[in-house]
Structure formats: structure tokens, C-alpha cells
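First the structure, in the form of C-alpha cells, and then the observations on it.
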Amino acid sequence: MKTLIVTGGSLDISWAKDFVRTINAEYIIAADSGLKYIDELGLVPDMILGDYDSVEDGLLDKYKSIDIKTYPKEKDYTDTHIAIINALKAGASVIYILGATGTRMDHTFTNICNMKAALDSDVPCFICDSHNKIYLINDKMGEVKVSKKGQYGDYVSFVPLSEETIISLAGFKYVLDDIYLIRV
């Protein structure tokens with residue numbers, strides 16, 4: 001089940017409208033202030049969750065008939081991480097997250113790290129914005145193909161998070177064949 005999570009970072013609404021049409025999500029989760037973006041996009045979420053510390057007054061009332069889960073402000077997980085966990089419990093086969101990047105690098109980095117919950121469940125998870133498509137891969141995924149048509153912008157970066165990894169690149173300006181990378 002294609003799942004869309006919208007959270008409260010920065011989001012280019014005109015870009016997001018096109019993106020949402022292309023993925024055709026079957027299940028939509030609004031994470032806290034991501035509800036504002038859901039509303040602007042004209043989407044109806046299947047679930048709304050968070051501590052609602054940054055949701056505009058009255059907006060939550062508009063969605064009373066939706067499955068609303070409330071969490072305390074002081075908790076062990078971020079609202080986006082809780083959304084990923086709920087997406088996995090609902091049966092997500094792929095997860096797209098919008099609004100997970102923005103001006104707070106600590107939030108962006110935390111959201112990237114939160115994708116590990118999906119990776120550990122063998123569910124592809126992508127953080128997308130108008131400039132980036134971020135995802136984690138592991139050995140279980142086998143060969144991962146990146147196409148020019150499917151990438152965002154002109155650049156592709158690989159950042160090893162494990163102690164060691166082997167990378168091969170074909171069709172790139174700089175071809176690599178089984179290059180061993182070590183995390184520093």
C-alpha cells in the first residue's frame with residue numbers, strides 16, 4: 001500500500017500537488033502541523049497524529065471524522081517517527097514523506113534517521129521535496145538503480161552510514177566498480 005506522510009517542515013505546495021498526483025497514495029497520514037499542508041493540498045488523511053503543539057487552532061476540528069491519535073508533548077519519538085511506525089502497522093509497502101526537510105537541519109537529519117524504521121522492515125521510504133529524493137538502502141535491497149529521469153536535479157550523492165560499504169556506478173560521469181567505502 002503506497003503511503004504518504006505529510007509532516008510540518010518546509011513544503012513547496014505547487015510542487016507537492018504534482019508529486020501527490022504522480023504517486024497516487026492509498027493511505028495518507030498527517031503528522032502534527034503537516035495537517036496544514038494536507039489541508040492546502042486538498043487531501044483527506046486516513047490518520048492524523050501528533051501532540052498538536054504546532055497545529056493552528058480550529059484546523060483539527062475540521063477533520064473530526066478522521067482517525068485522530070494524540071500523543072504527549074514529552075515523548076520518546078518525534079511525530080514523524082510515530083507516523084512511520086503507524087504507516088508500517090497499517091501495511092505500507094512504500095512510504096513517501098513530504099515536509100520532512102526545511103530550515104531546521106536537526107529536524108531534517110532526525111527525519112532521515114527515522115527512515116531506518118522502514119528500512120529495518122524492508123519497506124522503501126523516501127523523503128521528497130522539490131530539490132531532493134532521500135532514501136536509505138541496505139544489503140537486502142540488492143542492486144539499486146538510479147535513473148536520470150527519476151532523480152531530482154543534476155547530482156547524486158552517496159553517504160555511507162554503515163561502517164563499510166561497496167559501491168559500483170555505471171552510466172555516471174565517474175564510473176566505479178566495487179569501490180570500498182569506509183565511514184569516517
Side-chain angles (χ1 to χ4, degrees), residues 1-56 58-60 62-63 66-68 78-88 90 92-119 123-137 141 144-159 161 171-173:
M1 169 175 63
K2 288 184 195 173
T3 302
L4 173 66
I5 296 171
V6 182
T7 191
S10 299
L11 186 62
D12 177 337
I13 293 296
S14 62
W15 171 85
K17 284 181 181 178
D18 288 337
F19 181 83
V20 167
R21 276 193 292 272
T22 63
I23 65 164
N24 195 24
E26 300 160 280
Y27 194 77
I28 300 172
I29 300 174
D32 205 78
S33 62
L35 183 59
K36 176 186 82 160
Y37 294 133
I38 290 278
D39 194 57
E40 288 179 37
L41 291 166
L43 300 173
V44 177
D46 295 286
M47 178 186 292
I48 302 169
L49 58 79
D51 54 31
Y52 311 112
D53 62 344
S54 52
V55 174
E56 296 173 9
L59 185 56
L60 202 54
K62 185 175 177 179
Y63 296 93
I66 304 300
D67 181 14
I68 297 175
T78 65
D79 294 324
T80 305
H81 194 171
I82 293 168
I84 293 169
I85 292 167
N86 277 277
L88 294 169
S93 59
V94 60
I95 301 171
Y96 297 94
I97 307 173
L98 303 183
T101 58
T103 59
R104 298 259 328 252
M105 183 49 81
D106 58 330
H107 285 189
T108 302
F109 184 70
T110 298
N111 288 330
I112 293 168
C113 292
N114 288 340
M115 291 193 303
K116 188 166 182 327
L119 184 68
V123 174
C125 184
F126 305 92
I127 290 177
C128 301
D129 65 28
S130 59
H131 302 284
N132 302 285
K133 183 177 184 182
I134 303 165
Y135 52 98
L136 305 177
I137 60 173
M141 297 176 93
V144 176
K145 294 187 179 196
V146 178
S147 69
K148 181 72 173 168
K149 183 181 176 187
Q151 80 179 46
Y152 291 53
D154 294 328
Y155 302 99
V156 176
S157 297
F158 300 92
V159 180
L161 298 178
F172 284 74
K173 182 174 182 177

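For Ile112, the side chain to side chain contact (heavy atoms under 4.5 Å, CB included) partners are Thr108, Met115, Ile127, Ile134, Leu136, not counting sequence neighbours. Among residues two or more places apart in sequence or in another chain, the side chain to side chain contact (heavy atoms under 4.5 Å, CB included) test is passed with Val156 by Val146, Gln151, Phe158, Phe172. Every residue two or more places apart in sequence or in another chain was checked for a ring-ring contact (aromatic ring centres under 6.0 Å, His included) with His107, and none qualifies. The side chain to side chain contact (heavy atoms under 4.5 Å, CB included) check on Phe109 picks up Cys113, with sequence neighbours excluded.
Within a 6.0 Å sphere centred on CD of Glu56, heavy atoms belonging to other residues, nucleotides or ligands number 12 at most.
For Ser10 against Tyr37, the heavy-atom pair with the smallest separation is CA-OH, 3.8 Å. A pairwise comparison of heavy atoms in Phe19 and Cys128 identifies CZ-SG, 3.7 Å as the closest pair. Smallest separation of non-hydrogen atoms from Tyr135 and Cys125: CB-O, 3.3 Å. The minimum heavy-atom distance linking Lys17 with Leu41 is given by the pair CG-CD2, 3.5 Å. When all heavy atoms are compared, the tightest approach of Ala117 to Ile84 is CB-CG2, 4.1 Å.
Between Val44 and Ile66, the closest side-chain pair of non-hydrogen atoms falls below 4.5 Å.
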For Leu43 and Leu4, run side chain to side chain contact (heavy atoms under 4.5 Å, CB included): C-alpha distance rounded to whole Å, both residues' side-chain angles, the deciding distance at 0.1 Å, then the answer.
CA-CA 11 Å; Leu43 300 173; Leu4 173 66; 4.0 Å; yes
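A distance of 11.0 Å separates CG of Asn86 from CG of Asp79, quoted to the nearest 0.5 Å. The CG atom of Asp106 sits 9.5 Å away from atom CG of Asn111, with the distance rounded to the nearest 0.5 Å. The CZ atom of Arg104 lies 9.0 Å from the OG1 atom of Thr110; values are rounded to the nearest 0.5 Å. A distance of 8.5 Å separates CG of Leu49 from OG1 of Thr80, quoted to the nearest 0.5 Å.
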Taking distance alone, no hydrogens or angles, what donor-acceptor pairs closer than 3.5 Å link side-chain atoms of residues 26-34 to residues at least two apart or in another chain?
unit_1	atom_1	unit_2	atom_2	d
Glu26	OE1	Lys2	N	2.6
Asp32	OD1	Asp51	N	3.2
Asp32	OD1	Tyr52	N	2.4
Asp32	OD2	Ser54	N	3.4
Asp32	OD2	Ser54	OG	2.5
Ser33	OG	Ser54	OG	3.4

Got a list of side-chain donor-acceptor pairs under 3.5 Å for residues 92-102, not counting sequence neighbours?
unit_1	atom_1	unit_2	atom_2	d
Ser93	OG	Met1	N	2.5
Ser93	OG	Met1	O	3.3
Thr101	OG1	Asp129	OD2	2.7

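Under 4.0 Å is where a charged nitrogen must lie from a carboxylate oxygen, and between Lys36 and Asp39 no such pair does.
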